[in-house]
Each structure stands twice: as structure tokens, then as C-alpha cells.
S.K.: 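Dropping a structure here in C-alpha cells format, bear with me for questions.
Everything numeric in this text was worked out from a predicted model, so none of it was measured.
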Amino acid sequence: MCDSEPDYAGTEYDCPVCGGAASIDFTDGATIVCNDCGRTRIQLSFKSNGDMETVSENNGKYYEIEPSVRNILSKLDAFGPDRTSLEDRLAVIALKNDLSTAYNNTGREVLAENIATESLRLVRTMFEDGEDVSEQYCDQASLCAAFASARSDYDLAQKIYDSALIDLDGIKSISVASLKVKRGLLWTKKDNAAAEAHLKDALAIIGDGDTSDYPDPYIRVIAYDALRGICGKRCDADAEESYIVKSIDERKRLLEQDPDTPEYKVVELVDAMGYYAEKLSRGGDDNLAEELLNDAEDIARRYGKSEAEAYAVMSNIRYQQNMRRPLPDDFKGMMTKVIDTLSASPNKDKRLKEALAQAYMFRSMVIDPEQYDELTSDIGAAYDLLLDLAYRGDVNEMFLMSAARSYLILLNMKHPEKAKAVRQELNEIGISQKHLDVSARSTIGNSGKRTKVDYNEKAEKPLPGRRLKRQPSKKK
């Protein structure tokens with residue numbers, strides 16, 4: 001509680017004894033201070049289902065201590081039993097959704113989900129009674145499915161979506177289309193055919209019109225990307241390519257329509273273009289692949305999106321390396337710019353860390369071997385980034401092993417104790433020196449090419465080429 005004390009500053013409380021104005025003090029636990037009644041301590045405990053219980057030691061009655069929850073509860077109290085119009089009932093449900101969010105944000109997820117589920121039942125009853133609440137029904141179903149998904153209960157989330165969509169069958173609204181898209185995004189969990197049908201239904205509802213005023217203008221993009229994944233999983237290459245192209249074209253259109261598009265959306269665009277270029281190159285269409293990669297860089301520069309440009313440059317350099325092209329002029333400067341841009345990004349997700357690690361490895365390729373400290377620093381930075389991803393549960397193992405092997409070679413020259421510590425770190429995640437030796441690669445960095453490794457005996461866990469999963473988190 002003490003850590004949250006600043007959030008309570010200036011908040012007015014009701015005295016548990018007289019109901020008058022009071023304040024809160026955290027000097028000795030949570031205590032309500034009233035000028036007339038003095039101090040009343042609030043006892044904090046947790047129920048078996050994880051909900052927080054706060055009661056007054058004065059009378060043992062429930063006392064809500066969280067300001068956000070208290071504020072919403074006071075608004076709900078203002079609705080008397082006589083206010084039964086549809087507008088009032090929907091207003092109460094909207095407040096209960098706010099209450100659900102407030103409970104969820106204060107660590108009471110079970111209570112939050114129960115409130116949302118009860119509201120879904122009420123909205124569904126209204127809909128069955130002929131009330132015009134289809135939009136509220138969609139929103140409530142989405143909220144409850146989100147709670148279920150957060151607990152990894154995807155079967156329940158699917159049931160919530162499917163039940164609502166059965167009720168809403170025949171309604172061609174944007175809210176229903178959005179619900180169908182969300183249902184379609186569960187395709188990786190269960191029932192691909194139904195997911196695909198819902199996604200195509202959503203696209204039919206949306207049509208080719210302008211989506212700029214939609215709650216999510218990228219609704220078509222989301223549907224295209226999900227359909228691309230479904231088609232790819234069933235090895236329908238033509239359909240997969242069709243949806244890739246549609247997704248890229250739609251992203252470009254939305255960017256042209258809104259030059260102030262957030263940076264991350266432009267990153268997603270150039271990332272999609274890089275992905276498609278890679279597929280084209282594997283299929284032998286290198287001319288179109290190069291055109292696409294150059295276009296991605298041009299788009300990022302045209303709209304002044306430095307982070308997107310960094311990703312586009314990395315995609316292009318990876319392609320050039322795969323094609324065994326000479327390194328461009330001022331390659332070191334290019335990689336330094338990429339490193340500086342990505343290092344400054346507030347976003348620190350897996351994609352950024354892998355791209356940043358690769359930029360360090362690429363830059364190390366043009367550092368004079370005599371510049372030992374500079375070379376070791378770059379490869380060490382790449383190794384640290386990749387090891388962090390391994391501890392967090394998802395890293396390209398071959399890339400990690402390549403960086404680790406290069407790093408150990410350098411450390412063994414001048415820093416044997418540090419080399420020993422690195423080998424210990426690798427052993428903790430199942431990578432031995434033998435694995436590093438037999439998986440030596442012809443190029444530094446994660447070029448994207450598959451590396452063939454011949455074992456004379458059964459390989460120990462893990463196998464090169466797969467991604468490390470579910471490792472204990474050891475680094476922050």
C-alpha cells in the first residue's frame with residue numbers, strides 16, 4: 001500500500017464511523033482519519049479467489065480503500081431503483097464496466113471478470129427482449145472474451161464470441177464485423193475453418209469503404225493478416241500471398257490518408273514489406289524483392305519515421321547479405337545510425353532486441369580486428385540482448401549461438417574469467433561448448449539462411465535452429 005500512497009493524495013474518504021469527511025494515512029498501515037472520530041484502521045486481506053478484502057476494524061464492515069473504485073461506486077449509488085429506462089440500464093452497465101476495469105487494475109481480476117460476465121448476461125437479456133443493444137452486446141462480449149483470454153482460457157473466449165455471433169446473426173454492423181475479426185484472431189487456438197469464415201464475413205460487411213472513422217481503422221489489415229496466417233498454415237501459398245499484398249496495400253493507403261500515423265504502424269508496414277520480399281526472394285523473384293525493400297526505405301524516409309527506416313534498412317541489408325552482395329559504402333555508419341535509433345526507442349520488445357543485436361553483429365563485420373575493445377563491445381552487446389531474450393523465453397537459438405561463439409573467442413584472448421562466466425550462462429540454458437563448436441556459421445549475424453549441422457551422435461538438448469522456449473527469467 002505504501003508504494004501507492006501518492007495516488008491517494010488529496011482523496012476524500014468517508015469516515016467508517018460517522019460517515020463524515022475524512023482522509024487516509026499510511027504511517028501504520030491504512031488508517032482513516034476523521035476530525036470527529038479519530039483514527040480507524042482498515043484491515044487488508046485476500047480471499048481464496050484472489051480478491052482483496054478491506055474491512056474497518058471498528059465494525060468489521062466492508063470499506064473500499066481504492067480511490068478509483070470508490071469513485072465509481074459512488075456514481076452507481078446515485079442510480080436509484082426507479083431509474084429503469086433502457087438508457088439508465090445501459091448507463092449502469094457502462095459504469096459497471098468501469099468498475100470492472102478499476103477492480104482489475106487493483107489486482108482483483110476474479111471480481112472484475114465476474115462483474116463483466118453479469119453485465120454480459122444483462123445485455124444479452126435486453127437483446128433477446130428486442131432492445132436495440134447490438135453494439136453494447138458486441139462490446140460486452142469482447143470485454144468478457146478478453147478476460148478469458150488473459151487467463152489463457154481460449155476455449156471460453158471462443159464460446160463467448162460464438163454465442164454472441166449466433167445471437168447477432170444477420171446484423172451487418174461495424175460492431176459485429178469487429179467482433180467477427182476478434183473471433184477470427186483465435187484461429188491459432190481452435191477451429192480454423194470457423195475463424196476463416198468469420199474473418200471473410202467481416203470483410204464482406206466492411207466492404208471497400210473508408211475506415212478512418214472506425215474504432216480501429218486497421219480492421220481490414222487485422223483481418224488480412226489473420227487470413228494470411230490461416231492460409232499459410234494450410235500451405236495455400238497463392239491465397240497467403242494474396243492476403244500479404246492486400247495487407248501491405250491497405251497499410252499504405254491508411255498511411256497516405258493519415259501522415260501522422262503512429263510510428264509503430266509504419267514499422268509494421270515496412271516489416272510486412274520485408275517479410276514479403278523475403279518470400280519473393282526465396283521464390284526466385286529477386287527483382288521485385290529488391291524493389292519492395294527499397295520502397296520500404298523510401299516510405300519510412302518520406303514520412304520521417306526514423307525507427308521504421310531502421311527496420312527497413314535492416315531488412316535490406318539482410319537481403320543483400322543473403323545474396324552475398326558487397327557491403328555498401330559507409331556500412332559502419334549505417335549500422336551506427338540503426339543502433340542509435342533502436343537504442344533510443346522506448347519500445348523494447350523482442351523484434352527490436354533481435355534487430356538491435358543483429359545491427360551490432362553487422363557492424364562488427366567491418367571493425368578492424370586490431371580494435372579489440374570496440375569489436376568485443378559490439379559482439380558482447382549482441383550477446384547480452386539475445387541472452388536476455390533466451391531468459392524471457394523466445395530467441396533464435398542459432399543467432400544466439402553464433403554471437404556467443406564469436407564473443408567467447410574474443411573473451412578467451414584477454415578476459416578468461418569473463419569467458420568462464422559466459423559459458424556458465426549458456427550452460428544454464430542448455431547450450432554447451434560442443435553445441436557452439438558444431439554450429440559454427442559461415443557468416444556473422446542472423447542471415448536468415450538455415451544452417452545444416454551434422455551430428456555423429458544424438459544431439460543433446462537443445463537442437464540448433466529451433467527457438468528456446470520457457471526459460472526461467474533471470475535478467476530484467
S.K.: What is the minimum heavy-atom distance between Val395 and Leu386, and which atoms define it?
M.R.: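 Scanning both residues, the minimum pair turns out to be CG2-O, 3.5 Å.
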S.K.: Using a distance-only test with no angle check, is there a side-chain donor-acceptor pair under 3.5 angstrom linking Glu297 and Asn316?
M.R.: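 The criterion, which ignores hydrogens and geometry beyond distance, is satisfied for Asn316 and Glu297.
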S.K.: Checking side-chain polar atoms at under 3.5 Å, does Ser212 have a donor or acceptor matched by the opposite partner on Asp210?
M.R.: yes
S.K.: So, does Ser343 use its side chain to make a donor-acceptor pair with the main chain of Ile339 at under 3.5 Å?
M.R.: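 Yes; judged by distance alone, with no hydrogens or angles, the pair exists.
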S.K.: Are the side chains of Ile171 and Asp169 in contact, using a 4.5 Å heavy-atom criterion?
M.R.: no
S.K.: Taking the six-membered ring of Tyr383 as reference, does the cationic atom of Arg405 (NZ for Lys, CZ for Arg) lie under 6.0 Å from its centre and within 45° of its axis?
M.R.: no
S.K.: Have Asp225 and Tyr243 got a donor and an acceptor in their side chains that come within less than 3.5 Å?
M.R.: no
S.K.: Please report, to 0.1 Å, the donor-acceptor pairs under 3.5 Å made by any side chain of residues 329-338, with sequence neighbours excluded.
M.R.:
{"from": "Asp330", "atom 1": "OD1", "to": "Gly333", "atom 2": "N", "distance (Å)": "3.2"}
{"from": "Lys332", "atom 1": "NZ", "to": "Glu374", "atom 2": "OE2", "distance (Å)": "2.8"}
{"from": "Thr336", "atom 1": "OG1", "to": "Lys332", "atom 2": "O", "distance (Å)": "2.8"}
{"from": "Thr336", "atom 1": "OG1", "to": "Arg363", "atom 2": "NH1", "distance (Å)": "3.0"}

S.K.: What I'd like to find out is whether the side chain of Met273 reaches to under 4.5 Å of the side chain of Ile299, using heavy atoms alone.
M.R.: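 Side chain of Met273 against side chain of Ile299, heavy atoms only: contact under 4.5 Å found.
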S.K.: Please answer whether the main-chain N or O of Thr341 pairs with a side-chain N or O of Ser345 as donor and acceptor at a distance below 3.5 Å.
M.R.: no
S.K.: I'd like to know whether Asn427 forms a side chain to side chain contact (heavy atoms under 4.5 Å, CB included) with Ile431, so could you lay out the CA-CA distance, the side-chain angles of the two residues, the decisive distance to 0.1 Å, and finally the verdict.
M.R.: CA-CA 5 Å; Asn427 284 331; Ile431 297 177; over 6 Å; no
S.K.: Determine, stepwise, if the pair Asp98 / Asn71 fulfils side chain to side chain contact (heavy atoms under 4.5 Å, CB included).
M.R.: CA-CA 10 Å; Asp98 292 341; Asn71 180 49; over 6 Å; no
S.K.: Quick check for you: to the nearest 0.5 Å, what is the distance between Leu375 atom CG and Ile367 atom CD1?
M.R.: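 The CG atom of Leu375 sits 5.5 Å away from the CD1 atom of Ile367.
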S.K.: Is the shortest side-chain N to carboxylate O distance from Asp388 to Arg392 below 4.0 Å?
M.R.: yes
S.K.: Drop me the distance from Glu291's CD to Asp285's CG, to the nearest 0.5 angstrom.
M.R.: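 The CD atom of Glu291 sits 9.5 Å away from the CG atom of Asp285.
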S.K.: Does any non-hydrogen side-chain atom of Asp378 lie less than 4.5 Å from one of Met361?
M.R.: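 Not touching, per the 4.5 Å side-chain cut-off.
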S.K.: Side-chain contact, heavy-atom cut-off 4.5 Å: Thr211 with Leu254?
M.R.: yes
S.K.: Taking atom NZ as the centre, does Lys348 end up with more than 12 heavy-atom neighbours from other residues, nucleotides or ligands that are less than 6.0 angstrom away?
M.R.: yes
S.K.: With salt bridge (Lys or Arg N to Asp or Glu O under 4.0 Å) as the criterion, how do Arg282 and Glu278 come out once you've worked through the C-alpha distance, each side chain's angles and the decisive distance to 0.1 Å?
M.R.: CA-CA 6 Å; Arg282 287 203 298 265; Glu278 184 180 338; 2.9 Å; yes
S.K.: Sub-3.5 Å donor-acceptor pair from the side chain of Ser402 to the main-chain atoms of Met398, do we have one?
M.R.: no
S.K.: Between Ser315 (side chain only) and Gly274 (backbone N and O only), is there a donor and an acceptor less than 3.5 Å apart?
M.R.: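 Checking the backbone N and O of Gly274 against the side chain of Ser315, no donor-acceptor pair under 3.5 Å is found.
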S.K.: Kindly list each side-chain donor-acceptor pair under 3.5 angstrom involving residues 261-269, sequence neighbours excluded, with atom names and distances?
M.R.:
{"from": "Thr261", "atom 1": "OG1", "to": "Asp258", "atom 2": "O", "distance (Å)": "2.5"}
{"from": "Glu263", "atom 1": "OE2", "to": "Glu307", "atom 2": "N", "distance (Å)": "2.9"}
{"from": "Glu263", "atom 1": "OE2", "to": "Ala308", "atom 2": "N", "distance (Å)": "2.8"}
{"from": "Glu268", "atom 1": "OE1", "to": "Arg251", "atom 2": "NH1", "distance (Å)": "3.2"}

S.K.: Please examine the side chains of Ile206 and Tyr214, heavy atoms only from C-beta on, and report whether any two atoms are closer than 4.5 Å.
M.R.: yes
S.K.: Under the 3.5 angstrom rule, does the side chain of Thr376 hit a backbone N or O of Tyr372 as a donor-acceptor pair?
M.R.: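 Yes: the side chain of Thr376 pairs with the backbone of Tyr372.
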S.K.: Any donor and acceptor pair, going by atom type alone, linking the side chain of Ser175 with main-chain N or O of Glu135 inside 3.5 Å?
M.R.: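 No; judged by distance alone, with no hydrogens or angles, the pair does not exist.
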S.K.: Give me the atom names and distance for the closest heavy-atom approach of Ala177 to Ile219.
M.R.: C-CD1, 4.3 Å
S.K.: Name the residue from Arg183, Arg234, Arg228 that meets the salt bridge (charged side-chain N to carboxylate O under 4.0 Å, His left out) definition with Glu196.
M.R.: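 The passing option is Arg234.
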S.K.: Can any side-chain N or O of Ser149 pair as donor or acceptor with the backbone N or O of Ser152 at less than 3.5 Å?
M.R.: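 Between the backbone of Ser152 and the side chain of Ser149 there is no qualifying donor-acceptor contact (under 3.5 Å).
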S.K.: Does Ile174 offer a backbone N or O that forms a donor-acceptor pair with the side chain of Ser178 under 3.5 Å?
M.R.: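 Checked: no pair found.
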S.K.: Within 45 degrees of the axis of the six-membered ring of Tyr161 and under 6.0 Å from its centre: does Lys182 put its NZ or CZ there?
M.R.: no
S.K.: Applying salt bridge (Lys or Arg N to Asp or Glu O under 4.0 Å) to Lys252 and Asp295, what does each step give before you reach the verdict?
M.R.: CA-CA 11 Å; Lys252 286 183 178 179; Asp295 189 25; 3.0 Å; yes
S.K.: To the closest 0.5 Å, what do you measure between CG (Asn287) and CG (Leu280)?
M.R.: 10.5 Å
S.K.: Mind checking what makes salt bridge (Lys or Arg N to Asp or Glu O under 4.0 Å) contact with Glu250, not counting sequence neighbours?
M.R.: Arg220, Arg253
S.K.: Would you compute the distance between atom SG of Cys138 and atom CG of Leu179 and round it to the nearest 0.5 angstrom?
M.R.: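 Rounded to the nearest 0.5 Å, the SG-CG separation comes out at 5.0 Å.
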S.K.: Is the shortest side-chain heavy-atom distance between His415 and Leu410 below 4.5 Å?
M.R.: no
S.K.: Side-chain contact test, heavy atoms from C-beta onward, threshold under 4.5 Å: evaluate it for Tyr319 versus Asp286 and give yes or no.
M.R.: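 A side-chain contact under 4.5 Å exists here.
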S.K.: Nearest heavy-atom pair of Glu428 and Tyr391: which atoms, and what distance?
M.R.: OE1-OH, 3.5 Å
S.K.: Within the structure provided, determine whether Leu389 and Leu400 are in side-chain contact (heavy-atom separation under 4.5 Å).
M.R.: no
S.K.: Other residues, nucleotides and ligands only: do more than 12 of their heavy atoms fall within 6.0 Å of CG on Asp368?
M.R.: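 For Asp368, atom CG is crowded (more than 12 foreign heavy atoms under 6.0 Å).
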S.K.: Applying ring pair (Phe, Tyr, Trp, His ring centres under 6.0 Å), can you list everything that pairs with Tyr224, at least two apart in sequence or on another chain?
M.R.: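 Checked Tyr224 against ring pair (Phe, Tyr, Trp, His ring centres under 6.0 Å); zero matches.
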S.K.: Backbone N or O of Val422 within a donor-acceptor pair of the Tyr407 side chain at under 3.5 Å?
M.R.: no
S.K.: Can you list everything that forms a salt bridge (Lys or Arg N to Asp or Glu O under 4.0 Å) with Lys279? Sequence neighbours excluded, please.
M.R.: Glu240
S.K.: Could you measure the distance from the CG atom of Leu99 to the CD1 atom of Ile115? Nearest 0.5 Å is fine.
M.R.: 4.0 Å
S.K.: Measuring from Gln136:CD to Leu143:CG, what's the distance to the nearest 0.5 Å?
M.R.: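 So the CD of Gln136 and the CG of Leu143 are separated by 13.5 Å.
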S.K.: Quiz question: by atom type and distance under 3.5 Å, do the side chains of Gln140 and Asn97 form a donor-acceptor pair?
M.R.: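 Judged by distance alone, the side chains do pair up.
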S.K.: Apply side chain to side chain contact (heavy atoms under 4.5 Å, CB included) to Leu408 and Gln433, showing your working.
M.R.: CA-CA 10 Å; Leu408 282 171; Gln433 184 64 50; 3.9 Å; yes
S.K.: For Asp349, does the CG atom sit with more than 12 other heavy atoms under 6.0 Å from it, leaving out its own atoms?
M.R.: yes
S.K.: Output all residues satisfying salt bridge (Lys or Arg N to Asp or Glu O under 4.0 Å) with Arg151, sequence neighbours left out; order by chain, then residue number.
M.R.: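 Scan of Arg151 (salt bridge (Lys or Arg N to Asp or Glu O under 4.0 Å), adjacent residues dropped) gives Glu113, Asp153.
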S.K.: Could you go through the side chain to side chain donor-acceptor pair (under 3.5 Å) check for Glu241 and Tyr276 one step at a time?
M.R.: CA-CA 8 Å; Glu241 182 174 4; Tyr276 185 33; 2.6 Å; yes
S.K.: Run the side chain to side chain contact (heavy atoms under 4.5 Å, CB included) test on Val270 and Leu293 for me, step by step, so that the C-alpha distance in whole Å, both residues' side-chain angles and the decisive distance to 0.1 Å come before the verdict.
M.R.: CA-CA 8 Å; Val270 301; Leu293 290 167; over 6 Å; no
